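Data block below; observations after.
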2 protein chains.
Amino acid sequence: MTPACASVDNYVVNGNMGAMMSGMTERPYHHGHLRAALLDEAERTLREQGIDALSLRDLARQAGVSHAAPRRHFADRQALLDALAEAGFTRLGAEVSAAIDGAGTDYRARLQAAATAYVRFATADAALLQLMFSDKNSKALPRAAVGLFATVSDLIDQGQQAGVLPPGDPDRLRLLLVATLQGVAALTISGGVARGQADALITDAVTLFTRGDLP
Amino acid sequence: MTPACASVDNYVVNGNMGAMMSGMTERPYHHGHLRAALLDEAERTLREQGIDALSLRDLARQAGVSHAAPRRHFADRQALLDALAEAGFTRLGAEVSAAIDGAGTDYRARLQAAATAYVRFATADAALLQLMFSDKNSKALPRAAVGLFATVSDLIDQGQQAGVLPPGDPDRLRLLLVATLQGVAALTISGGVARGQADALITDAVTLFTRGDLP
DNA sequence: ACCTGAACACCGTTCAAGT
DNA sequence: ACCTGAACACCGTTCAAGT
């Protein structure tokens, strides 16, 4: 469930307020994992409570450090958000890639699997996806999204070579596909479409791109 | 600094005439237009500086009232954002509708005009569009977006009757079209595609939906 | 190198009181 | 009915100082 920060998990601060007020003198903390702990906790807060609930002071509190300590690892709040977005792109790219690899050889099935993985990520981490596509990291986006775009590009190439996708500039087709997936995700997140409708939308999009007959 | 409140011309003062003095008086503000002035200024701040720069206290300051005065008209910050989103949907619906009406009789031209109007709105008011499709107003969305959805539904019906759009469930086709436009807008806003690319993307989307040949 | 504690300016929200 | 002023709790950011 929680990616990143895998090998080092021995600190386990089950942070709650009163536990470290007084009494036992547990202060060996230099903490050691502060950066990873902050990112981990931030990702969960983002998922469970949205971006408005994400506060540097609160994260520091939950990590058991002073409110100024995060400054060593993130210059400001935006730097933390940028790091979250970057990690999000890496994970999204990996999940889409894994979905394609596990989808067998039929091209439509592979395309459908990629689209489904994308929308699943979007609904499970709506706030994160919105952060990833925020206009604030227009510069950081391409750097972290390279893997995802490469995966989709390969998918486009395969489809065109197999004659299942329409011919034409593969870059434009890739952008259109990503845009469509992003739009389906956005509408699903915003409540414009329900869950079952989302699956139908994905199917329709795949059908449209592969020039099949819409139902 | 500026008095703002310029484009407000159809508010109605219900039985509060005593507060409005004839002649130009600068000071005796009960203000009279506070709600409209706040919305006006908020929309501009949103456009020019983004949602993070939108503060109730700042809006009150610019309107020349105390920081607690907005409370009379908006229960909290979220209520203001909801009102902005609702007004946004109304305006977006009107602009798309006008674009279609002014696009002549050729169906592809009408579809292209609608798509262009949508993306133009999205790039001109990026923060507002993100607000409109935020997951926070999942309930308020359908109410205000009805006009827009009806316009797009009409467009779908025309296309299917003319045989230019593929047959099938018009509701699903409408969702797919809106999702595609939303995705193109999102990618354009986030900097994933440039301006000229956006136009090409729109053209490709229209071509795909109308089953023409992609370039 | 990493972290603390105090300080500053700002914010949203509440509420008694003014007019 | 509409608005003010003070108050509260919270926030991001900065900086001298601790270890």
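Owing to the predicted nature of the structure, the values given are computational and were not obtained by experimental measurement. So that the names make sense, note that chain A is the first sequence line, chain B the second, and so on, each numbered from 1.
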* Asked: Does the A/Arg110 side chain pair with the main chain of A/Gly159, one donor and one acceptor, at a distance under 3.5 Å?
  -> no
* Measure from the side-chain heavy atoms of B/His73 and tell me the nearest of C/dG12, D/dT13, D/dC3. => D/dC3
* Structure fact -> For B/Gln197 and B/Val193, the nearest pair of non-hydrogen atoms, with its separation, is OE1-CA, 3.5 Å
* Asked: Quick one: A/Gln78 CD to D/dG12 P, roughly how many Å, whole number?
  -> 12 Å
* Would one find a side-chain N or O of A/Arg71 under 4.0 angstrom from OP1 or OP2 of D/dT14? -> yes
* Closest-nucleotide ordering on DNA chain D, the 5'-leading residue of A/Arg72 and A/Leu56 -> A/Leu56
* Does B/Arg57 make a side-chain N or O approach to OP1 or OP2 of C/dC10 shorter than 4.0 Å? -> no
* Can you check whether A/Ser55 has a side-chain N or O nearer than 4.0 Å to OP1 or OP2 of D/dC11? -> yes
* **Closest heavy-atom pair and its distance - B/Leu165, B/Leu111** => CD2-CD2, 4.4 Å
* When you check the phosphate oxygens OP1 and OP2 of D/dC11, does a side-chain N or O of A/Arg61 lie under 4.0 Å from one of them? -> yes
* Taking atom types as modelled and ignoring hydrogens, do the side chains of A/Asp82 and A/Gln78 form a donor-acceptor contact shorter than 3.5 angstrom? -> yes
* If you check the A/Val65 side chain, which of C/dT13, D/dG12, C/dT4 turns out closest? -> C/dT4
